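Quick caveat: nothing in here was measured; it's all calculated off a predicted structure. Letters go in sequence order (proteins before strands), and every chain restarts at 1.
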Protein chains: 2
Amino acid sequence: MAVRRMTARPANAHQARLLRLLRDGGPNSRAELGDRVDLSRSKLAVEIDRLLETGLVVADGLAASRGGRRSHNVRLNSELRFLGVDIGATSVDVAVTNPELEILGHLNQPMDVREGPVAVFDQMLAMVAKLRDSGVAEGFDGAGIGVPGPVRFPEGVPVAPPIMPGWDGFPVREALSQELGCPVMVDNDVNLMAMGEMQAGVARSVGDFFCVKIGTGIGCGVVVGGEVHRGTTGSAGDIGHIQVEAEGRPCPCGNRGCLEAYFGGSALARDAEAAARDGLSAELSARLETAGRLTAEDVSTAAAAGDGTSLDLIRDGGARVGQVIAGLVSFFNPGLVVIGGGVTGLGHTLLASIRTQVYRQSLPLATGNLPIVLGELGPAAGVTGAARLISDHLFSPA
Amino acid sequence: MAVRRMTARPANAHQARLLRLLRDGGPNSRAELGDRVDLSRSKLAVEIDRLLETGLVVADGLAASRGGRRSHNVRLNSELRFLGVDIGATSVDVAVTNPELEILGHLNQPMDVREGPVAVFDQMLAMVAKLRDSGVAEGFDGAGIGVPGPVRFPEGVPVAPPIMPGWDGFPVREALSQELGCPVMVDNDVNLMAMGEMQAGVARSVGDFFCVKIGTGIGCGVVVGGEVHRGTTGSAGDIGHIQVEAEGRPCPCGNRGCLEAYFGGSALARDAEAAARDGLSAELSARLETAGRLTAEDVSTAAAAGDGTSLDLIRDGGARVGQVIAGLVSFFNPGLVVIGGGVTGLGHTLLASIRTQVYRQSLPLATGNLPIVLGELGPAAGVTGAARLISDHLFSPA
DNA sequence: TCGACTTTTTCCATGGACTGGACAAAGAGT
DNA sequence: ACTCTTTGTCCAGTCCATGGAAAAAGTCGA
């Protein structure tokens, strides 16, 4: 049986504000809401009644008394469903959330973006169908999707993506919206990770921060005043090709000495294989022997087992990343730096190395109170951010 | 005779909007204003009448007919005066502007910030008195002031300024406000330069850009969505101590390889003196002989005269700055980069060197349409920005 | 069980914000 | 003199929003 999807949108800024409060704060009484939005109780009641009429919000019984009349709680209609898709360089994540953006179902599959949008869409839609069949959703009120490259945000179209050439100009937003029959928003995967950590992770209630994602490549989500900064052409945060060594290693991008030539999933795997072949690490050599090739994960487990070469690789990489972050911290003076992405499995060795470098190189005033932490959402960050992206869009005045 | 200063402030957002429009667009008819603010003509008339009552706005005769009834122009009260002060490391600028932020009088004097706030204030107030005596103003409706270091913006107090130790915690805002009897806002000098170029220079109508100021040191004003980004502790834009060389030259800050160890007024003068002593340039040696020491200006004039060593110094420095800017461009993806400050006398040699480096190192998507230009306001940028700072403050809802 | 007190919600009169339309004023063009 | 255009003013009506009064629904102690 088909559920009627919500098509209503908040009619004004007050309603939008209320919807977001309900999303982020869970069920709430009218009185509590009144304290948070600057509105008289009368006006508040009117707006809530209107939201109830639209079906976006439903009554949620009576709260426990706090010494007086019990309050009538309201909450977002729990039938609302958002879809979050996170397309990485080598895998896809698909998740379904409730209106509070909590994940109800989550699938992850390996994939290669370079196979192009059509193949990837097929795979992704199959994953969506599987989630649907599992019963967590019958349809979607909105979907957010992240792709590993710059996006022309208003149109929802990838633009000149270096690692996914076939996607240039592919109308992701349009295509997915057609397929799902609901509103869709598209963004860079790194920006979505930042939004995810802001929604439900370490960056809650931080206005200015950035979020460095170290996966196959290296990117950075920039948040200013609670809003993602996308830049003039949508390429803000593209820090993977900042130069860290004057006449350094050649990089696929054509330059020399780029950060990504020294660290990130690709560089780490390549360096580990070289070390294994040079016989620097018995541990790595053995793994290379059996698997035929090495990945960042191999380095991670070897390091955890105490392999010195692997630890050195991580420390060196961390120092390179730290060097870049140190510069950005001086420039941007954030209140928090989040490190996330696939290689967070490298954990505290990496983090320590980054911290050392940043605290040594940046100005005391900028680092004095600057936490540098790992993201706490892991693979859920991207899809959570995707859900937040579309819900922010839908929960804004029509 | 004392003029009664304006104490009125806009009562609501509409009035604030109108005041800013009048400031930036000059005299205007009601009809034109109506097209730019989204208000009915009735409501507009009411708000303008109220502004007329406050005295902030005055009638300005009739405009020429455009085929119908002539419009009644209004403009800001031309008796309004703003004071802009720009305290640099080695000089002070003081200027008076009309309500449209055009400079009516401007003084510049050499000075050493390290003499401390009391001495500098004395000198500055004497300059203000001189301007007053010259008849451009009898009093001020507001003042903006820039200092060469980080500022705790809400309080208007310098915080941990490296090059002006005696100023730490000195209540600049409070003190100047007391002295002048008008509202005062304080900011970093680099931020003010950015605001100046945004108000009346190359950055008009650009939302996201940054403004690199190369004076004694090197700093950077960061503008996001038309607003200056000051960072969590007010130190955003402090790029002078970003590392450009791994185990590079020692820097007074304690680290090695900082940008300021390679370029900026101080470094350039030092390098020029070394070159002169080593006999690399007859031109510079001669100047050193006569003056006893060299400044960035000497290098500038020598370069203009074709001195190869000086040109090399500028080119090398530009490459260093360009290297840092390239990284920041990748990170921030601005729509414009402005180069300003004392050493802009180095002109197009410097600019060309910076451009080469940035266009080579940053991603094509970020640089594809990125102008890198010299500021067009020169020494007026800082004081114009200071005037804009206070007028933005005064022209916002009470 | 009965007041006294709290807290929440609803109701209502009032005032202000804002709009759109009618109308007047002032000019251009014919 | 007439029409057309542009601008400014007036006004009635609508919607927004507030603050206070009153009602509803509860706790708690006597």
Side-chain angles (χ1 to χ4, degrees), chain A residues 8-22 25-54 56-76 395-398, chain B residues 8-22 25-54 56-76 395-398:
Chain A
R9 288 278 291 277
N12 58 41
H14 295 313
Q15 294 186 12
R17 181 88 201 285
L18 289 170
L19 290 172
R20 290 184 192 202
L21 275 175
L22 290 172
N28 242 317
S29 71
R30 283 155 140 87
E32 281 177 84
L33 288 169
D35 295 341
R36 298 226 245 158
V37 299
D38 196 28
L39 276 181
S40 66
R41 283 163 311 183
S42 334
K43 180 61 182 164
L44 182 70
V46 171
E47 295 299 352
I48 289 183
D49 285 345
R50 288 184 191 158
L51 284 173
L52 286 168
E53 277 174 34
T54 67
L56 285 170
V57 161
V58 297
D60 190 32
L62 293 168
S65 166
R66 294 193 298 174
R69 175 173 174 175
R70 294 165 63 191
S71 58
H72 292 217
N73 275 356
V74 291
R75 64 146 193 256
L76 292 174
F395 292 172
S396 60
Chain B
R9 289 279 291 277
N12 58 42
H14 295 314
Q15 294 185 13
R17 180 89 200 285
L18 289 169
L19 290 173
R20 292 185 191 201
L21 275 175
L22 290 172
N28 244 317
S29 71
R30 284 156 139 86
E32 281 177 84
L33 288 170
D35 295 340
R36 297 227 244 159
V37 298
D38 194 30
L39 277 181
S40 65
R41 283 170 308 180
S42 336
K43 178 62 181 163
L44 183 69
V46 170
E47 295 299 352
I48 289 183
D49 284 346
R50 289 184 190 159
L51 285 172
L52 286 168
E53 278 173 33
T54 67
L56 285 169
V57 160
V58 295
D60 190 31
L62 293 167
S65 167
R66 294 194 297 174
R69 176 174 174 174
R70 294 164 65 190
S71 58
H72 291 210
N73 277 355
V74 292
R75 64 144 194 259
L76 292 175
F395 292 171
S396 60

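Atom CZ of B:Arg17 is separated from atom P of C:dC18 by 14 Å (rounded to the nearest Å). In this structure, the CG atom of A:Leu52 is 14 Å from the C1' atom of C:dT9, given to the nearest Å. Computed from coordinates, the B:Asn73 CG to D:dT6 P distance equals 17 Å when rounded to whole Å. Between the CD1 atom of B:Ile48 and the C1' atom of D:dC10 there is a distance of 17 Å, rounded to whole Å. Put simply, CG on A:Leu44 is 15 Å from P on C:dC11, counting in whole angstrom units. We find that CG of B:Asn28 is positioned 16 Å from C1' of D:dG8, with the value rounded to whole Å.
Here the side chain of A:Glu32 pairs no donor or acceptor atom with the backbone of A:Asn28 at under 3.5 angstrom. Side-chain atoms of B:Arg70 come within 3.5 Å of backbone N or O of B:Ala63 as a donor-acceptor pair.
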Can you check each nucleotide of nucleotides 20-30 of chain C against protein heavy atoms at under 4.0 Å and return B for base, S for sugar-phosphate only, - for none, in 5' to 3' order? BB--BBBBS--

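With B:Phe395 as the fixed residue, the side-chain contact (heavy atoms from CB on, under 4.5 Å) test singles out one of B:Leu22, B:Leu21, B:Leu19, B:Leu18: B:Leu19. Between A:Val74 and the choices A:Val58, A:Leu51, A:Ile48, the side-chain contact (heavy atoms from CB on, under 4.5 Å) rule is met once, by A:Ile48.
Proximity of A:His14 to the phosphate of D:dC16: no side-chain N or O atom is located under 4.0 Å from OP1 or OP2.
Between B:Lys43 and B:Asp38, no side-chain nitrogen of the basic residue sits less than 4.0 Å from a carboxylate oxygen of the acidic one, so the salt-bridge criterion is not met. With respect to the salt-bridge test (charged N to carboxylate O, under 4.0 angstrom), the residues B:Arg50 and B:Glu47 qualify.
Nearest-nucleotide assignment on DNA chain D puts the 5′-proximal partner with B:Ala45, out of A:Glu47 and B:Ala45.
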